[in-house]
Amino acid sequence: MKIRVLGCSGGIGGKANLTTSLLVDEDILIDCGTGVGELSLEALMAIDHVFLTHSHLDHLAMLPMLIDTVADLRSRPITLYASEDTLRILRAHLFNWLIWPDFTAIPDRLHPLLRMQPVKVGETVHLGERAISPVPALHSVPSQGYALRGRQGTLAFSGDTTVCDEQVAALNAIEDLHYLLIEAAFPNAHQDLAHAARHLSPSMLHRVLDRLNGSPEIFVTHFKPGHADLLAREVLAYDGRLRPHLHLLGNGQTFDL
Ligand SMILES: Nc1ncnc2c1ncn2[C@@H]1O[C@@H]2COP(=O)(O)O[C@H]2[C@H]1O
């Protein structure tokens with residue numbers, strides 16, 4: 001399993017700030033932020049599965065246009081996986097014929113261009129040799145991260161989350177956790193906003209890292225663009241046990257598992 005970062009910023013602003021999406025091999029997206037707009041038409045046509053962490057735009061902005069762009073170029077539907085709560089939000093507020101057509105009913109409900117499949121913590125979606133399982137998260141809207149297991153180990157993605165005891169427990173239960181992609185959105189001086197928007201600040205992130213049992217390589221994602229330099233300094237000031245394993249996530253970065 002090969003994972004490529006298409007976008008990992010918490011906002012927009014030039015090629016350096018593309019919002020969240022991970023491409024798994026050629027056919028799976030984890031979130032569908034603006035980074036997906038960098039893929040060629042041929043690469044877009046190869047996407048069969050999209051897993052969403054939650055319903056915020058920075059994680060799904062490209063999904064409606066992806067579906068429309070490839071609609072008449074593909075012979076099978078795209079399957080959209082997310083929690084039941086997130087799918088309900090998308091049906092009510094996005095694929096509602098007002099913001100975007102309901103592609104689960106086009107051309108008709110028996111042969112749709114988009115299928116929605118709920119997936120919750122405790123379940124696993126097997127796609128060939130890849131196994132994808134939701135992990136708990138705690139955000140301002142229903143949210144879940146994902147653990148992606150390949151032949152050689154597991155990469156976990158926190159999704160958007162504030163400190164979440166259930167997520168820490170889930171991460172500690174993954175025996176072959178090689179990589180953890182985890183967020184930090186607001187600098188320490190904006191702790192109130194981090195709490196209100198249910199994100200992590202670097203100091204909150206450090207406390208989470210201190211509670212991890214294993215020694216995965218940690219990659220920090222989702223910096224708000226206006227604070228990226230300060231966030232990098234604050235994140236890298238960590239002096240706990242996992243310090244040698246701590247990195248910043250970048251666009252184009254790849255992971256092999
Ligand atoms: N009170 C708030 N609750 C949630 N989001 C907020 C709030 N105030 C500002 N925001 C911003 O709205 C953004 C929605 O996407 P994010 O969760 O990435 O980050 C959030 C914040 O940047």
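Read the numbers this way: they start at 1 and go in the same order the structure lists the ligands and their atoms. What's counted below: heavy atoms across the whole structure, side chains too, no hydrogens, waters or symmetry copies. All of these numbers come straight from a predicted model, not from anything done at the bench.
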Check: With respect to His139, which candidate in His59, His199, His222 satisfies the ring pair (Phe, Tyr, Trp, His ring centres under 6.0 Å) definition?
Finding: His199
Check: Between the side chains of His111 and Asp108, is a donor N or O closer than 3.5 angstrom to an acceptor N or O?
Finding: yes
Item checked: Contact check, His222 vs ligand 1, heavy-atom distance below 4.0 Å -> yes
Margin query: How far is atom 13 (C) of ligand 1 from the closest protein heavy atom, and which atom is that?
Written below: Lys224 NZ, 4.2 Å
Check: Which of the atoms in ligand 1, numbered in the order shown and given with their element, are less than 4.0 Å from a heavy-atom of Asp160?
Finding: 17 (O), 18 (O)
Next item on the list: For the pair Asp165 and Arg211, find out whether any cationic side-chain nitrogen is under 4.0 Å from an anionic carboxylate oxygen.
Entry: yes
Checklist line | 4.0 Å protein heavy-atom contact status of atom 11 (C) of ligand 1, strictly under | finding: no
Checklist line | For ligand 1, the portion of Asp58 having any non-hydrogen atom under 4.0 Å away | finding: side chain
Next item on the list: Could you check which of Asp192, Leu193, Thr161 puts a non-hydrogen atom nearest to atom 7 (C) of ligand 1?
Entry: Leu193
Next item on the list: May I ask you to say whether Arg207 pairs ionically with Asp210, meaning some side-chain N is under 4.0 Å from a carboxylate O?
Entry: no
Item checked: Top protein contact for atom 21 (C) of ligand 1, by heavy-atom distance -> Phe186 CZ, 3.7 Å
Note to self: Any carboxylate oxygen within less than 4.0 angstrom of a Lys/Arg side-chain nitrogen, looking at Arg109 and Asp102?
What the structure shows: yes
Notebook entry, point to check: What atoms in ligand 1 come closer than 4.0 Å to a heavy atom of His139?
Noted result: 17 (O)
Note to self: Please confirm whether the ring centroid of Tyr81 lies under 6.0 Å from the ring centroid of Phe51.
What the structure shows: yes
Check: Among protein heavy atoms, which lies nearest atom 15 (O) of ligand 1, and at what distance?
Finding: His56 ND1, 3.8 Å
Item checked: Parallel, tilted or perpendicular, as decided by the 30° and 60° cut-offs, for the rings of Phe103 and Trp100 -> tilted
Item checked: Heavy-atom nearest neighbour in the protein, as seen from atom 6 (C) of ligand 1, with distance rounded to 0.1 Å -> Ala197 CB, 3.8 Å
Check: Roughly how far, to the nearest 0.5 Å, is the CZ atom of Phe223 from the CG atom of Leu230?
Finding: 9.5 Å
Margin query: Students should be able to answer this: which protein heavy-atom is nearest to atom 16 (P) of ligand 1, and at what distance?
Written below: His199 NE2, 3.2 Å
Notebook entry, point to check: What is the nearest protein non-hydrogen atom to atom 1 (N) of ligand 1, stated with its residue, atom name and distance?
Noted result: Ala196 CB, 3.9 Å
